Amino acid sequence: MACDYKVLAEKQLQLDKRYLRMARIWAENSYCIRRQVGALIVKDKMIISDGFNGTPSGFENICEDEDGKTKAYVLHAEANAITKVAKSANASDGATLYVTTSPCIECAKLIIQSGIKKVVYCEPYRIDDGIRLLKRAGIEVLQLNIDEK
């Protein structure tokens, strides 16, 4: 029985969009005012970790200072998802990261080191050095518009 690669690719695209929509919903957990970002790590069609941007555990849930600037210790959604999976029995090697905003350079380094092989995102971050680093590392990067059918 021959595989229809077009059908498989379309099914994967629909899965990618669903996981991104879930990441967008997960972003609503963030207390950040400037930008709410959500992330999911998926392996073998199972969500093995999740994260959203915010302050470290035990800190106040206030991400911005009195001038409206993001506090230096706020964690990005990707970093929260990666550190959460590191504390679990799961492994991110070979997984896919779904994130609502493209990763910054610091998160890109964590993604590379965690063994994630694919990153799917919705909105580009204002600086693209994270995406360029991921591509240089051979990680598949895909931007999707989840608002269109």
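All values derive from a computational prediction rather than experimental measurement.
At least one side-chain heavy atom of Lys45 sits less than 4.5 Å from a side-chain heavy atom of Leu15. Counting only heavy atoms from C-beta outward, the side chains of Ile47 and Tyr19 approach each other to under 4.5 Å. Between Leu20 and Lys17, the closest side-chain pair of non-hydrogen atoms is not below 4.5 Å. For the pair Asp16 and Lys118, the minimum side-chain heavy-atom distance is below 4.5 Å. Between Ile33 and Cys63, every side-chain heavy-atom pair lies at or beyond the 4.5 Å cut-off.
Here the OG1-CZ distance, from Thr100 to Phe52, works out to 12.5 Å after rounding to the nearest 0.5 Å. With values rounded to the nearest 0.5 angstrom, Met46 atom CE is found 13.5 Å from Leu40 atom CG. Note that NZ of Lys109 is 9.5 Å distant from CD1 of Ile112, once rounded to the nearest 0.5 Å. One finds the CG atom of Asn145 at 8.0 Å from the SG atom of Cys122 (value rounded to the nearest 0.5 Å). Rounding to the nearest 0.5 Å gives a distance of 10.0 Å between CG of Leu142 and CD1 of Ile131. Taken from CZ in Arg24 to CD1 in Ile146, the straight-line distance is 3.5 Å, to the nearest 0.5 Å.
Between the side chain of Lys43 and the main chain of Ala91, a donor-acceptor pair closer than 3.5 Å is present. In this structure, the side chain of Ser92 engages the main chain of Ser114 through a donor-acceptor pair within 3.5 Å. Panel note: side chain Ser49, backbone Ala81; a donor-acceptor pair is recorded below 3.5 Å. Using modelled atom types, one side-chain atom of Asn53 and one backbone atom of Arg35 make a donor-acceptor pair closer than 3.5 Å. Checking side-chain atoms of Asp67 against main-chain N and O of Lys69 turns up no donor-acceptor pair under 3.5 Å.
Cluster membership check: Tyr31 does not share its hydrophobic cluster with Trp26, using side-chain heavy-atom separations under 4.5 Å among Ile, Leu, Val, Met, Phe, Trp and Tyr. Both Val85 and Val119 belong to a single network of hydrophobic side chains, linked directly or stepwise wherever heavy atoms of I, L, V, M, F, W or Y lie under 4.5 Å apart. Grouping the Ile, Leu, Val, Met, Phe, Trp and Tyr side chains by contacts below 4.5 angstrom, directly or via other members, places Ile82 apart from Tyr98. Linking ILVMFWY side-chain heavy atoms closer than 4.5 Å, directly or via other members, places Val99 and Val74 in two distinct hydrophobic clusters. Connection of Leu75 to Phe59 is not established within any shared hydrophobic cluster, with ILVMFWY side chains joined at heavy-atom distances below 4.5 Å, either directly or through further cluster members.
The minimum heavy-atom distance between Gly94 and Lys117, with the atom names listed, is CA-CG, 3.6 Å. Considering all non-hydrogen atoms of both residues, Ala108 and Pro103 come closest at N-CB, 4.3 Å.
Evaluated for a side chain to side chain contact (heavy atoms under 4.5 Å, CB included) with Leu97, the options Ile116, Val120, Val141 yield exactly one hit, Ile116. Evaluated for a side chain to side chain donor-acceptor pair (under 3.5 Å) with Gln14, the options Glu10, Gln12, Arg18 yield exactly one hit, Glu10.
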Start with the C-alpha distance between Ile25 and Met22, add both sets of side-chain angles, then the distance that settles side-chain contact (heavy atoms from CB on, under 4.5 Å), and finish with yes or no.
-> CA-CA 5 Å; Ile25 291 168; Met22 292 171 71; 5.6 Å; no
Go through Asn80 and Lys84 one step at a time and tell me if the side-chain contact (heavy atoms from CB on, under 4.5 Å) criterion holds.
-> CA-CA 6 Å; Asn80 269 326; Lys84 188 174 182 179; over 6 Å; no
I would like to know whether Thr55 and Ile62 meet side-chain contact (heavy atoms from CB on, under 4.5 Å); could you show each step before the answer?
-> CA-CA 7 Å; Thr55 57; Ile62 301 170; 5.9 Å; no
Evaluate the side-chain contact (heavy atoms from CB on, under 4.5 Å) criterion for residues Thr96 and Ile41: first the C-alpha distance (whole Å), next the side-chain angles of each, then the deciding distance (0.1 Å), finally the verdict.
-> CA-CA 6 Å; Thr96 299; Ile41 299 176; over 6 Å; no
Evaluate the salt bridge (charged side-chain N to carboxylate O under 4.0 Å, His left out) criterion for residues Glu60 and Lys71: first the C-alpha distance (whole Å), next the side-chain angles of each, then the deciding distance (0.1 Å), finally the verdict.
-> CA-CA 11 Å; Glu60 74 291 345; Lys71 294 177 180 177; 3.0 Å; yes
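For Glu64, the CD atom is densely surrounded, since the number of other residues' heavy atoms within 6.0 Å is greater than 12.
Tyr125 pairs by the side-chain contact (heavy atoms from CB on, under 4.5 Å) definition with Thr101, Ser102, Cys104, Ile127, not counting sequence neighbours.
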